[in-house]
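Here is the structure we will look at.
Just so we're on the same page: letters track the sequence lines, and every chain starts at 1.
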Amino acid sequence: MKLGLDPAVIAKARTLAARAAEPVIELARTHTTVSVERAVLRLAGVTGADADGTPWVNRITDAVREQAGLDHGVALPVFHALNEHGLSLDDPLSLLAARFTVPNGGQAVRARTRARAAVARGIATIDHNRAERQRLLGKHGDPEMPWIYLIVATGDIYEDIPQAQAAAREGADVIAVIRSTGQSLLDYVPEGATRQGYAGTYATQENFRLMRAALDDVSGELGRYVRLTNYASGLCMPEIATLAGLERLDMMLNDCMYGIIFRDINPIRTFVDQRFSRQVHARAGIVINTGEDNYLTTADAVDAAHTVIASQLLNERFGHEAGLADWQLGLGHAFEINPEIPDSFRMELAHAQLVRELFPDAPLKYMPPTKHMTGNIFAGYLLDAFFNLAGVLTGQSILLIGMMTEGIHTPWLSDRDLALANVRYVRRAVGALHEDFVPAPGGFTVERARQVLSETVDLLDRVCDSSLLTAIAEGTFGVTRRPPDRGKGLDGVIRHADAYYNPATQILEEDA
Amino acid sequence: MKLGLDPAVIAKARTLAARAAEPVIELARTHTTVSVERAVLRLAGVTGADADGTPWVNRITDAVREQAGLDHGVALPVFHALNEHGLSLDDPLSLLAARFTVPNGGQAVRARTRARAAVARGIATIDHNRAERQRLLGKHGDPEMPWIYLIVATGDIYEDIPQAQAAAREGADVIAVIRSTGQSLLDYVPEGATRQGYAGTYATQENFRLMRAALDDVSGELGRYVRLTNYASGLCMPEIATLAGLERLDMMLNDCMYGIIFRDINPIRTFVDQRFSRQVHARAGIVINTGEDNYLTTADAVDAAHTVIASQLLNERFGHEAGLADWQLGLGHAFEINPEIPDSFRMELAHAQLVRELFPDAPLKYMPPTKHMTGNIFAGYLLDAFFNLAGVLTGQSILLIGMMTEGIHTPWLSDRDLALANVRYVRRAVGALHEDFVPAPGGFTVERARQVLSETVDLLDRVCDSSLLTAIAEGTFGVTRRPPDRGKGLDGVIRHADAYYNPATQILEEDA
Amino acid sequence: MTTELDTIKQIIRPYGDTTGDGMVQVSFTLPVPHGPRAEAAASQLARGMGLDPASVVHAKAMGPDFTFFIVYGRVGHLIDYAGIDVPEGREYPLLTPSQVNLAIKTVLQRRLVVVGACIGTDAHTVGIDAILNVKGFAGEKGLEYYREIEVHNLGAQVEVDALVTHAKAVNADAVLVSQVVTQKGAHVHNTKQMAGAFTDAYPTAVGGGLGRPLLVVGGPRFDTVSPSDLGVDRIFGRGTTPAEVASFIVHALIPEWQPDE
Amino acid sequence: MTTELDTIKQIIRPYGDTTGDGMVQVSFTLPVPHGPRAEAAASQLARGMGLDPASVVHAKAMGPDFTFFIVYGRVGHLIDYAGIDVPEGREYPLLTPSQVNLAIKTVLQRRLVVVGACIGTDAHTVGIDAILNVKGFAGEKGLEYYREIEVHNLGAQVEVDALVTHAKAVNADAVLVSQVVTQKGAHVHNTKQMAGAFTDAYPTAVGGGLGRPLLVVGGPRFDTVSPSDLGVDRIFGRGTTPAEVASFIVHALIPEWQPDE
Ligand code: B12
Ligand code: B12
Ligand SMILES: Cc1ncc(COP(=O)(O)O)c(C=O)c1O
Ligand SMILES: Cc1ncc(COP(=O)(O)O)c(C=O)c1O
């Protein structure tokens, strides 16, 4: 520990974060959402879509909601109907022909048992994938940290695949397929392999499968397990988390507040969805990546440094409560200080070292400069090098590799190749230089870190005095105001009835 | 002092360097060269050239050598002739019509007196320029170190001037006009403003004057005195040093061995010339820059690191003996380790910090990567950034700014602009980070520095056992063998007669 | 201005380190394995672009199927600089907030209504917020700060229809739209769609401010198209400041008004 | 080889992130003050080079008189890849030192004499030394290491006449010349002068090895010219290794000899 932080202050920050999170966790425990219920159906084995591409899980959930409401969950009415009419989930059309009601008494018991059995099979698949990942990590080998994390984003899964494989060959340890701009606001998950996305490729179960298979091939070729990442985020967060578990994705972007702030999704919807999705991630052995880095694209990286730390402490708390272990908490932060200001790099070191010391066991995700990347690709290449240097000097775990063309377009093949050459040079040339990085006691670096930590404590104090929802409404994070009664997807939030039943949460919580 | 070097070892290295230098200094004391004698005439006020462009100083010196020999120096015969025929130096043609003899008795006394008076006027001009520099430093302000050093090299002094001014406006503290490839082997100094050089611009008194005047203009405009550098090197080292003093250049590339190794100039010629040129530089208040960096372009920067240190100690010794103060010793070294090897940057830090600690009061000249710069301008821009970082972290004094196109062409306007943006970012972003650079005791950095220092001592030991001339003949420096009886310009070396007279050395040594 | 023009160099060329040398740098990837044949292909492309001589200074294999190249060379192309009909100076005076307020007050005699949004699936609001929010950009306050301007900032991912409806509802004088995502021409596509929708919604309109709101679009990568291509009244690009925009709106909607120095 | 050819893509284009997108990057300086007019000039040049659309992503003033630009865009140019007559494989077999020695011994039955130098004012000897010195290059030993090759390395800044005289004196089979400095075309100028001098010195010669020494030139930036342009027998460029050169000399001077696998 190089910064000599006061353990008492750190403990105080954690206590405050827990207190701020508590009421929101209570909300999440007592509500469900349309996407949570659709995720249950997916775990139970419902796949595919109708002729217009509307997934059966949406058709079924909507029908149930209309006829029986969702306050008891989707499982009871659906499996009751299956029992009544002797149907199976492989035949959604006939199921939709049936009338949905909330069973009770013995019917309820039978529906519950059958639902639980079905969902248990889905969870078994997730368990099997987790074991399979372990096997492959043993077989191909697990790269040492920092992991090199690269994005592909052509919009066409069939262009993405060769580019992802090329990136892996050039040294990428993690491949993220970023999503088409619009997807986060879709209240359904598209089906099948897709070839036309904007600035990203749609997240679909089939695209997940294709890319994971392609990466398994290179992993074998390279003797190094290459991880795959996508986004459990937006209105379908719970379902995408589920699909990730079912297709053996390895990491997922998953934040307790990102959707609220950057996609104007209703706060309560998001908090309910993130809890379920994290329970799934915990079970699947998936590492989540949180999105604090994004705050610094709308707020100033110096003024708002403490909001990043506060949010990380909240993400940690929500994560732990949902069953995630420290090794699964890829807390996010970023190198976004304006390069025009004095001491910018030294301040970045202070911030990065602070996060490292606050979360010693978390696989921190460190994001490269984006906001201050311009059309000057040379300046960009330089800034990315200093980001790489900060990452290595402060022992970050997951380095998202910056592109010199960040200010211009989504990465080209050559941008990625040059970016990897950049980080390869920095790692090789610097070696164990972190041994010689010893912040002077009472010096600029140490003082800056101390200041950010104390600002964090003050902020969390204020949040506790009002409430997290109020803080979000007042634009505390990412200088964006999001009131709890506004935002997309609010109508998809349902309060539990006393007899609410969710076989997935039941299994996940009893085994947790 | 961060490396905890053993003072005894350092002292030993200096003693050995002094011992190795002694016989060579003796050689230099007892010999003169055609260029030394021509320099005397220049100090005495001889300027201009004949119709074919042969400078009068060459014509006169050759005539004297032919008719009277140069073992008594050029001054006695020339001023004797002037006395005899009642001529003045403004009329070289009539002087050349005269017959040159070595005077003695009263004639010799008169010749000596007049010669000394004439040369004294030249030295007075040098003194005046030194005072003028001080005045302008006070008036415009002296930039703090590290000084940003940039080269211009269009071959055309009239293209060089706007480019030099542009560079100064963008932040250059020192401008070096590099020379045309061939000049170092010319045994005369071209005359007048020149517009056609290869990969550099000819060093002429007029080009010096034009560029110094242009830089004085921007210095005023910028409120910062911009220094001018050229090369007191090659066969005309003493004359160019003299012209630099007469035209108020501020720094000069000037090395005790560079010409021998990289231009195959005879060792004795070089050692004699360098002593005189350094006596002039000492008087002119000019900072010299030595050329050890060049060794690493022909030798490997790791294997040969100790040869750089050994050469610096020799340059220091020769410099002190010639009257240079520590603040005038811009000892050279370079960032030339192969970027493909592990720990290359950490090793560069070790080397740079070692030099810094060995020569605490010397204005060290730190050269950027050149040898490993390829056609990949992005990799080049990155490598230059790490050079800048090493320079700032280890407190180098003069940073020669690397060009991303080093592997391709002499710098373009835009290359220089980007290079300056690079170093500006690094300095601004890093601030006082050197406070946090604390090499771990017994760690890689410290151990590497210690190893290089002890290899240096061993090398100097071996040099003393044989002799410096033998060491050079065996290719100790820059893996290039240069025997003392070979190389260009040997025929221009003359042993002093007992009555040898050189008014310039006389004045310079009595005032030193 | 004319004197200006006379003094402008007529014909110019790229400059490396000597006037007229015509030197440029180029980089690209070719979908072929690295080798002499690939380097020849790179030279061929460079010559196609007008580089002669063209020197392939760097070639790197990117996997088995692609090679990255960096090429330097001299181009013969001449630029008719004097012939470029882009004014040296400003097209319209840059006004201070108080001048803008005064103009609106004196001429319109009511507040000027501006509606802003990121349309389509674009969620990059920082740019439009920089123009609209009080906080502003580059030290300048945004339009919300202007007393006489009424700002409706609809935020991100707004459907075109919703934008039109809202614009009508509040009687917008100007509609400000941001497009930052350009992949697959998204920004051009969305903007044209938006312009079309306004034409349909105001069938009798003869132009911006004449029967329909002034249509202003902005974003960092619009420099490949002209307003007429898109059917809008003005495009703003990289580094635009709020005052630029406010001044243009006054210039376009209140042409009769002149700031008295 | 032919099967090879058939499988080669016929027509290719630059690749950004999608097959056929034709995307390239360009940078250059224009000798004009920064401003909208300068940016228009930059687009004009880019279009002249075939970029359409051309997006000026960066423009920076360098003092009052110059502006630096970075432009991205799509070029329409097609590369006739199949039509490029550069062989996919090697032109001549790459031999080991012992194979080279064997060839010389068996056929010439005397040592093969090589003279090397940096001519003109060029003092960059690292390149030629990499080829000639025992130390060699990239792990390969240089020609001095070859038992059957007699090397005369004349070093730097050798006058052409001195080179010719020396070549005659030692009966050189091959003359190896290095040129690294290319500014103002120095390398081309010096090499032509050298080739001319050898033609004059061997008036009856009909070619390299036929009445005059084989003339081989090398340096990092010869890729804009062909051997015939210069009047030499072969040009070697970036990253040449000694074995490449030795193998070529055998191939050119002892064509009859074939290595038996
Ligand atoms: C910040 C940012 C984000 C933030 C946005 C937060 C927010 N609330 O805005 C977050 C992290 C959420 C984000 C997400 C994504 N982003 Co983003 N993002 C950026 C980034 C880093 C900076 C953009 C920015 O804020 N610039 C600063 C502002 C002030 O500049 P500006 O937008 O140009 O605006 C100025 C002018 O253009 C003009 N202007 C702009 N609009 C208007 C409108 C009017 C009316 C006027 C008059 C003027 C005007 O005035 C402004 C002030 O001068 C850029 C990279 C870069 N450095 O540019 C990528 C970038 C824009 N994003 C990109 C992408 C692909 C995405 C994602 C789609 C990636 C993904 N799939 O996850 C997502 C999804 C976003 C979506 N649905 O649209 C790409 C777009 C590629 C392309 N050219 O198509 C970029 C270029 C990065 C890259 N190289 O890949 N992003
Ligand atoms: C080392 C070096 C020096 C050293 C040279 C030491 C020496 N004894 O050689 C020193 C420091 C002395 C030096 C001085 C100068 N240099 Co210098 N130097 C370089 C540098 C950094 C590396 C060159 C090198 O050694 N490359 C490594 C070798 C192995 O590669 P190579 O030469 O390409 O050789 C390979 C192939 O080309 C081929 N090859 C080469 N020759 C031959 C010959 C044959 C027969 C064959 C078969 C193959 C072959 O095989 C070799 C192995 O693969 C370059 C920049 C760079 N990174 O390239 C500048 C560079 C070459 N130098 C340059 C200049 C301008 C100079 C100076 C003129 C500057 C000055 N005025 O002070 C001086 C004067 C030199 C002179 N009179 O010629 C410029 C040339 C610009 C141009 N394109 O015209 C360069 C490009 C730097 C720059 N960007 O300005 N330099
Ligand atoms: C947590 C999180 N989710 C999602 C995204 C991607 O944005 P979108 O919601 O458009 O997929 C990000 C962007 O970095 C993120 O950090
Ligand atoms: C001491 C010294 N002299 C001279 C030069 C320049 O070479 P030339 O002798 O060709 O001028 C250098 C090159 O860096 C040098 O270090």
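We find the CD1-OH distance between B/I377 and A/Y381 to be 11.0 Å, quoted to the nearest 0.5 Å. Between A/F345 atom CZ and B/L389 atom CG the span is 7.0 Å, to the nearest 0.5 Å.
Counting heavy-atom pairs under 4.5 Å between each of A/M347, A/E340, A/R424, A/M404 and chain B puts A/E340 at the top. Of the listed residues (A/P439, A/A440, A/A429), the one with the most heavy-atom contacts under 4.5 Å to chain B is A/A429. Chain A forms the most heavy-atom pairs under 4.5 Å with one residue out of B/P342, B/G431, B/G443, B/S344, and that residue is B/S344.
Only the side chain of B/N376 has a heavy atom closer than 4.5 Å to any heavy atom of chain A. The contact between B/L349 and chain A is made entirely by side chain atoms (from C-beta outward), counting heavy-atom distances below 4.5 Å. Residue A/L433 touches chain B through both its backbone and its side chain, counting heavy-atom pairs closer than 4.5 Å. For A/Y425, the part sitting under 4.5 Å from any heavy atom of chain B is the side chain, from C-beta outward, and nothing else. Interface residue A/A379: only backbone heavy atoms are found under 4.5 Å from chain B.
Using a 30° and 60° split on the angle between ring planes, A/F386 and B/F386 fall in the tilted class, from 30° to 60°.
Of all non-hydrogen atoms in B/A432 and A/D343, the two that sit nearest each other are N-OD1, 4.1 Å.
No close placement of the B/F437 and A/F437 rings is indicated, their centers lying 6.0 Å or farther apart.
Ion pairing of B/R346 with A/D436 is present here, as a side-chain N (NZ or NE/NH1/NH2) and a carboxylate O approach within less than 4.0 Å.
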